[in-house]
K.L.:
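So that we are looking at the same thing, I have put the structure below in C-alpha cells.
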Amino acid sequence: MEEEFYFDFSDDAQRSVERYEEMIRNQDQYFFDAQAFENIIDYYIEKNDPVKALQVIEYALNQHPYAAVFLVKQAQLFFVTDQTERAFLALQKAEMLEASEAEIYILRGNIYNSLERYSEALDNFQKALEFAETTDEILLQIAYVYQNMLDYESAIVYIKQSLEQNMENKDGLYELAFCYDILDKQEESIQFYQEYIDNDPYSYAAWYNLANSYHKLDLFEKAIDAYDYAILIKDNFASAYYNKGNALVQLDRFAEAIEVYKHTFEYEKPNADTYCAIGECYEKLERMDEARSYYKKSVKMDPKMADAWFGIGVTLNFEERFFESLHFYKKAIELDDENPDFWFAMADAYYKLGQIEQSVEAYYKVLEYNPVDVEAWLDFSTVLYEQGKLLEASETIADAIKNNPDAAELYYRMVAYLFALGEKNDALLYLETALATDPDKHYILFEYLPQLQENGSILEVINRYLK
C-alpha cells in the first residue's frame, strides 16, 4: 500500500524518485537538476528515512557543488541524527557559498538553542532576521530561546512582534498565554487578547486564551462567555468545551457541566480526565450510580487516574459502604500518596469502621500534607477526645492554632477541651481570643459541650463581646 505524504507530490517528483532508485539499482550515474534532487531528498525525509536522504545529498553535492540548499538540508539531517559537529561543518560550508541564506542561521540558531548555548542561538536568529523575507517564525524562535533562559518578559516582546507580522499564528497566541501564565500576569494577558480580538474578532485561539485568563482570575461567568465565542467560531473545539465545563463546575452548575463535557466526545476520543470530571459532577449531584460508572470508565482508560479511584471510594462511602470504600482510597493513595484529601477520606472511613488506630495514623498524614485544613484538625481532635485522650486532644488543637492562627473554630474548641480538663482560667483566656477573632461563632462551643450554657463565667465573657 502506498504511504500518504504530507506535501503535494507531483508526477515530476514521483518520476525523479523512480529514476533515482533505478540509478541506484543499476549502480549508474544519472544527472538530475537541483529541483529534482530537492524533491527526492524531501521524499525520503517525508518517509522518515534520514539515512537515504543523506545518501541522495551526497549525489546532489557531487553534481551541484555550489548549491548551498543541499548543505543546509544535510546539516538539518545531521542534526536530527545527533551528528551535531557534522551539522555545524555543513552550515559553515553553506555560509561560505551563500552567506545571505536565512535558513543557515535559523538552523544554526536551533542547534545552539538545543545545546543550551543561548547567546549564540540569539546571535544567529538576529542574523537570520536581516536576510529573511518573512520573519514572524524567526521572532517566535527568538522568543523560545528567551523562554528557555526563563526570561519570559523578553519572550513576550518577541511573540508580540511576531503576531504583529502574522496575526494568524496560533502558536504565538498560545505561547503568549504560557508566558503571561508563568509571570502570573492575567490582567495584562486579558488586555492583550481583548485588543487582539478587536483586530481579529474571528480568532478562536484568542477567545480561548482570553477565556483561560478570566478562568485563572476566577471570573468564571466571563470565561464561559469567551469559551462560547471560541466554540461558535470553531465548533469542534474540544478543549474549549472541556474548559467551559470546568468553569461551570466552579459555579456549581454541575448538570450543565456534564452536558458540555459530553460534547467533547463528538470532536475527540473520550479520555480519562473527561470521564473523571463527569463522574465528579454526578457525585456533586448525589447521583452516585452514574458517578461511579463514569469513574470506572476513567480508570479503565487510565489505571493511574488517582482521582477516579478516589471518586469510586467517595460514592461507596456515601452509601455507607465504608469497608469497600477503603479499598479504593488505598488505590488512590498508592498513586498519589501525598494527597491530603485521600488521607482525610481514609481517616474518616477507618473511624466509621471503629478502627481508631488506623484512623489516627491517617489523620497524621492529612495534617502533615495539609496543616491548614481546619476541618481535619477538628475531626482528628474529636477522635482523640472520644477515646478519652483529653490532653492529646487539647495538644492537637494547640498545634492546629499554630498553623491556623486566624481560625476562630479552633479557639472555641480549645475552650471546650480545657473546661473538660478542669483548666478553667486557661479556658476563659482562649474564650476571649475566640470572641475577639469571631464573636458570631460562639454557638460552636455549646454545640460541643451543651452544659457550658449553664456556666456563669462563660456567659459573662460572651455577653461582654456581643454587646
Side-chain angles (χ1 to χ4, degrees), residues 218 249-250 252 254 280 283-286 288 291 306-307 309-320 322 325-326 328-330 332-333 336-387 389-420 427 430-431 433-450 452:
D218 295 346
V249 166
Q250 296 292 334
D252 294 346
F254 301 114
E280 282 178 36
E283 180 198 308
K284 291 286 193 299
L285 295 167
E286 298 191 356
M288 293 302 171
D307 282 332
W309 288 112
F310 177 66
I312 297 172
V314 172
T315 62
L316 293 165
N317 180 72
F318 184 83
E319 294 164 6
E320 301 191 3
F322 306 123
S325 77
L326 273 176
F328 293 97
Y329 293 154
K330 282 176 185 163
I333 285 171
D336 179 4
D337 64 351
E338 294 187 8
N339 186 315
D341 296 338
F342 296 175
W343 284 107
F344 200 168
M346 185 101 131
D348 188 52
Y350 275 130
Y351 171 71
K352 286 174 177 150
L353 289 166
Q355 299 182 22
I356 302 303
E357 254 174 67
Q358 287 97 320
S359 176
V360 167
E361 274 172 39
Y363 273 118
Y364 276 122
K365 290 282 194 190
V366 183
L367 298 166
E368 178 187 339
Y369 298 129
N370 187 11
V372 294
D373 186 341
V374 173
E375 210 50 47
W377 284 107
L378 290 169
D379 284 3
F380 182 30
S381 74
T382 301
V383 172
L384 295 169
Y385 181 76
E386 286 177 0
Q387 296 302 304
K389 298 180 174 171
L390 293 192
L391 193 60
E392 281 182 46
S394 69
E395 284 166 354
T396 298
I397 292 294
D399 278 343
I401 287 170
K402 271 188 212 134
N403 285 290
N404 305 275
D406 301 326
E409 304 92 310
L410 295 171
Y411 295 104
Y412 285 114
R413 180 67 66 89
M414 191 64 150
V415 177
Y417 291 158
L418 290 170
F419 261 102
Y430 271 98
L431 181 59
T433 312
L435 289 159
T437 312
D438 186 347
D440 295 335
K441 285 196 176 147
H442 70 277
Y443 64 87
I444 295 173
L445 191 55
F446 302 136
E447 270 178 8
Y448 208 72
L449 286 182
L452 294 180

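The first residue in the sequence is number 1, and the count goes up from there.
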K.L.:
So does E447 have more than 12 non-hydrogen atoms from other groups sitting under 6.0 Å from CD?
P.N.:
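Result for CD/E447: enclosed.
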K.L.:
So Y369 and N339, do their side chains get closer than 4.5 Å, heavy atoms only?
P.N.:
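The answer is no; the side chains never approach within 4.5 Å.
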K.L.:
Strictly distance-based, threshold 3.5 Å: is any side-chain N or O of N317 a donor or acceptor partner for the main-chain N or O of G313?
P.N.:
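Looks like no, no N/O pair under 3.5 Å.
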K.L.:
Working to the nearest 0.5 Å, report the span between CZ of R413 and CD1 of I444.
P.N.:
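Answer rounded to 0.5 Å: 8.5 Å.
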K.L.:
Determine the minimum heavy-atom distance between M288 and E283, stating which atoms define it.
P.N.:
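Nearest pair, atom of M288 first, then E283: CE-O, 3.5 Å.
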K.L.:
Can you name the nearest heavy-atom pair linking S359 to A347, along with the distance?
P.N.:
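Looking at all heavy atoms of both residues, the shortest contact is OG-O, 2.9 Å.
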K.L.:
With rounding to the nearest 0.5 Å, note down the distance linking CG in D218 to CD in Q250.
P.N.:
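Between D218 CG and Q250 CD, I get 7.0 Å after rounding to 0.5 Å.
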K.L.:
Would you call the rings of F328 and W309 parallel, tilted or perpendicular, where under 30° means parallel and over 60° means perpendicular?
P.N.:
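F328 and W309: parallel rings.
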K.L.:
May I ask you to decide if D337's main-chain N or O and W343's side chain share a donor-acceptor pair within less than 3.5 Å?
P.N.:
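Between the backbone of D337 and the side chain of W343 there is a qualifying donor-acceptor contact (under 3.5 Å).
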K.L.:
If I take atom CD1 from residue I401 and atom CG from residue D406, how far apart are they, to the nearest 0.5 angstrom?
P.N.:
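One gets 11.0 Å once the value is rounded to the nearest 0.5 Å.
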K.L.:
F342 vs V366, test: side chain to side chain contact (heavy atoms under 4.5 Å, CB included). Steps then yes/no.
P.N.:
CA-CA 8 Å; F342 296 175; V366 183; over 6 Å; no
K.L.:
Identify the heavy atoms of I397 and L378 that sit nearest to each other, and give their distance.
P.N.:
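Looking at all heavy atoms of both residues, the closest pair is CD1-CD2, 4.2 Å.
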K.L.:
Do M414 and T433 make a side-chain contact, defined as non-hydrogen atoms from C-beta onward lying under 4.5 Å apart?
P.N.:
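They are not in contact (no side-chain heavy atoms under 4.5 Å apart), so the answer is no.
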K.L.:
Looking only at non-hydrogen atoms, find the nearest pair between N404 and V372 and report the distance.
P.N.:
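Nearest pair, atom of N404 first, then V372: OD1-CA, 3.1 Å.
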K.L.:
State, yes or no, whether a side-chain contact exists between Y363 and L384 at a heavy-atom distance under 4.5 Å.
P.N.:
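Sidechains of L384 and Y363: no contact.
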K.L.:
Ignoring hydrogens, what is the shortest heavy-atom contact between S381 and Y417? Give both atom names and the distance.
P.N.:
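It is OG-OH, 2.8 Å.
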K.L.:
For the rings on Y385 and Y448, is their centre-to-centre separation under 6.0 Å?
P.N.:
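Distance test on ring centres: under 6.0 Å, yes.
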K.L.:
Could you tell me the separation between the CZ atom of F322 and the NZ atom of K352, rounded to the nearest 0.5 Å?
P.N.:
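The CZ atom of F322 sits 4.5 Å away from the NZ atom of K352.
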K.L.:
What is the distance from atom CD of E409 to atom OG1 of T437, rounded to the nearest 0.5 Å?
P.N.:
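Taking CD in E409 and OG1 in T437, the distance rounds to 10.0 Å.
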K.L.:
With a 4.5 Å heavy-atom cut-off, do L353 and L326 have their side chains touching?
P.N.:
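A side-chain contact under 4.5 Å exists here.
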K.L.:
For residues F344 and A376, report the shortest heavy-atom separation together with the two atoms involved.
P.N.:
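Scanning both residues completely, I find the closest heavy atoms to be CZ-CA, 3.5 Å.
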K.L.:
Taking the six-membered ring where the residue is Trp, are the ring centres of Y364 and F380 under 6.0 Å apart?
P.N.:
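Yes - the distance between ring centres of Y364 and F380 falls below the 6.0 Å cut-off.
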K.L.:
Considering residues at least two apart in sequence or located in another chain, which fulfil the ring-ring contact (aromatic ring centres under 6.0 Å, His included) criterion with Y411?
P.N.:
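With neighbours one apart ignored, the set is empty.
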K.L.:
Do Y350 and I356 have side chains that approach each other closer than 4.5 Å (heavy atoms only, starting at C-beta)?
P.N.:
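Sidechains of I356 and Y350: no contact.
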K.L.:
Backbone N or O of V374 within a donor-acceptor pair of the N403 side chain at under 3.5 Å?
P.N.:
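Not a single qualifying donor-acceptor pair exists.
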K.L.:
For a 4.5 angstrom cut-off between non-hydrogen side-chain atoms, does H442 reach L435?
P.N.:
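In short, these two side chains touch, coming nearer than 4.5 Å.
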K.L.:
Within a strict 4.5 Å, meaning less than it, do heavy atoms of the W377 and D379 side chains meet?
P.N.:
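With C-beta onward as the side chain, the pair stays apart.
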K.L.:
Kindly check if the number of other-residue, nucleotide or ligand heavy atoms within 6.0 Å of NZ (K389) is above 12?
P.N.:
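For K389, atom NZ is not crowded (no more than 12 foreign heavy atoms under 6.0 Å).
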K.L.:
Any heavy-atom pair between the side chains of Y329 and V314 that's under 4.5 Å?
P.N.:
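Yes; the side chains approach each other to less than 4.5 Å.
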